[in-house]
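So the structure is just underneath, and the comments pick up after that.
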Amino acid sequence: MISRQELISRAIIFGVVVSLILCVPVWIIWFFLVINYHLDFNQSYLFINGFENIVLYDSQNSYQRRIWGLKEIESYEYGDNYDSNIISQVEEMVDDENWISQACYSPDKEYILYKEVEAWGEGASTDDNTYYYKVINVDSKKIRTFYKGPMEDFDIYWGQ
């Protein structure tokens, strides 16, 4: 006959195994969807004046922020409107350990859009990073996340 303590141990082990069997595939599917369909349901970007003119782009596609994440738009040459001098200004305003790789002003100079890079593991042999595209209000220093995505490295542009 199985003792009560052994029965409880088996039930706990069974629960952990079933949880892992169910959770890991769901996490993998979610990760695939986030990377391939640029999903991000954070709505804090709605409080940024002029967010509709922010474009994230790479060598092949351009995107604008929508309620579910990023939507592909017609591509054209944006030019570089980011400036390395602004990066040092952002680093002074932001108390963060992540690397600021790009920054640009909004057309009215009220906000700064910047790209923040968080490495997944120090010393790891991969180039996997999480990229945060954030906007900081120059006067109030309030920071809002415009978009975030794992392994989604875009250049930034804030048009008229």
Side-chain angles (χ1 to χ4, degrees), residues 19-20 23-160:
S19 296
L20 288 174
C23 292
V24 169
V26 169
W27 185 84
I28 290 171
I29 291 169
W30 174 251
F31 189 76
F32 172 80
L33 291 172
V34 166
I35 289 176
N36 290 300
Y37 297 101
H38 311 292
L39 299 178
D40 181 7
F41 295 105
N42 180 350
Q43 301 300 303
S44 70
Y45 74 95
L46 293 171
F47 297 98
I48 302 167
N49 294 333
F51 75 86
E52 14 348 90
N53 297 323
I54 295 175
V55 177
L56 303 180
Y57 65 98
D58 57 23
S59 60
Q60 300 169 342
N61 300 311
S62 298
Y63 302 94
Q64 283 186 317
R65 188 71 163 90
R66 297 294 187 262
I67 202 161
W68 64 87
L70 296 179
K71 178 184 179 197
E72 189 172 334
I73 60 170
E74 185 177 332
S75 294
Y76 62 94
E77 292 296 320
Y78 295 102
D80 295 338
N81 73 338
Y82 48 89
D83 184 354
S84 60
N85 295 329
I86 304 172
I87 292 175
S88 59
Q89 184 181 359
V90 171
E91 288 172 343
E92 289 174 10
M93 289 192 259
V94 176
D95 183 28
D96 203 338
E97 295 178 6
N98 295 334
W99 176 51
I100 309 296
S101 66
Q102 292 179 1
C104 68
Y105 279 109
S106 63
D108 62 3
K109 306 276 194 237
E110 185 179 339
Y111 298 99
I112 297 175
L113 168 66
Y114 65 96
K115 178 168 69 172
E116 183 177 291
V117 183
E118 176 186 28
W120 285 3
E122 291 189 35
S125 61
T126 64
D127 291 336
D128 297 337
N129 298 314
T130 298
Y131 294 90
Y132 296 88
Y133 301 89
K134 296 182 177 182
V135 175
I136 185 168
N137 184 306
V138 175
D139 295 328
S140 69
K141 312 292 189 270
K142 176 100 172 137
I143 299 172
R144 301 240 184 230
T145 300
F146 177 74
Y147 178 75
K148 112 180 158 113
M151 302 188 308
E152 300 207 63
D153 185 12
F154 299 111
D155 287 323
I156 58 176
Y157 178 79
W158 198 327
Q160 300 293 333

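Only this structure's heavy atoms are used, side chains among them; waters, hydrogens and symmetry mates stay out.
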Check whether any side-chain heavy atom of [X] lies under 4.5 Å from a side-chain heavy atom of [Y], and answer yes or no.
{"X": "Tyr114", "Y": "Ile143", "result": "yes"}
{"X": "Val55", "Y": "Gln64", "result": "yes"}
{"X": "Tyr147", "Y": "Tyr63", "result": "no"}
{"X": "Leu70", "Y": "Phe154", "result": "yes"}

### Query
Of all residues at least two apart in sequence or in a different chain, which pass the salt bridge (Lys or Arg N to Asp or Glu O under 4.0 Å) check with Asp153?
Lys115

Taking every non-hydrogen atom, the tightest pair across [X] and [Y]:
{"X": "Gly159", "Y": "Pro107", "result": "O-CG, 3.0 Å"}
{"X": "Gly50", "Y": "Trp158", "result": "O-NE1, 3.3 Å"}
{"X": "Ile112", "Y": "Ala103", "result": "CG2-CB, 4.1 Å"}
{"X": "Val117", "Y": "Ser101", "result": "CG2-OG, 3.9 Å"}

To the closest 0.5 Å, what do you measure between [atom1] ([X]) and [atom2] ([Y])?
{"X": "Ile54", "Y": "Tyr111", "atom1": "CD1", "atom2": "OH", "answer": "9.5 Å"}
{"X": "Glu152", "Y": "Thr130", "atom1": "CD", "atom2": "OG1", "answer": "9.5 Å"}
{"X": "Leu113", "Y": "Ile48", "atom1": "CG", "atom2": "CD1", "answer": "8.0 Å"}
{"X": "Lys134", "Y": "Asn98", "atom1": "NZ", "atom2": "CG", "answer": "7.0 Å"}
{"X": "Glu116", "Y": "Lys148", "atom1": "CD", "atom2": "NZ", "answer": "11.5 Å"}
{"X": "Ile73", "Y": "Ser62", "atom1": "CD1", "atom2": "OG", "answer": "5.5 Å"}

Taking [X] for the side chain and [Y] for the main chain, is one N or O donor matched with an acceptor at less than 3.5 Å?
{"X": "Gln102", "Y": "Ile156", "result": "yes"}
{"X": "Asn42", "Y": "Ser44", "result": "yes"}
{"X": "Glu110", "Y": "Asn137", "result": "no"}
{"X": "Lys109", "Y": "Ser106", "result": "no"}

Under the rule for side chain to side chain contact (heavy atoms under 4.5 Å, CB included), what residues qualify as partners of [X], not counting sequence neighbours?
{"X": "Ser59", "answer": "none"}
{"X": "Ile28", "answer": "Val24"}
{"X": "Glu52", "answer": "none"}

### Task
Sequence neighbours left out, what passes ring-ring contact (aromatic ring centres under 6.0 Å, His included) with Phe146? Give chain and number order.
none

### Message
Test of understanding: with ring-ring contact (aromatic ring centres under 6.0 Å, His included), list the residues that count as partners of Tyr132, not counting sequence neighbours.
### Response
none

### Task
Just do the side chain to side chain donor-acceptor pair (under 3.5 Å) check on Gln89 and Tyr105 with the steps written out, would you?
CA-CA 11 Å; Gln89 184 181 359; Tyr105 279 109; 2.6 Å; yes

### Message
Would you say the rings of Tyr57 and Tyr157 are close, in the sense that their centroids are separated by under 6.0 Å?
### Response
no

### Query
Has Leu46 got more than 12 heavy atoms of other residues, nucleotides or ligands less than 6.0 Å from its CG?
yes

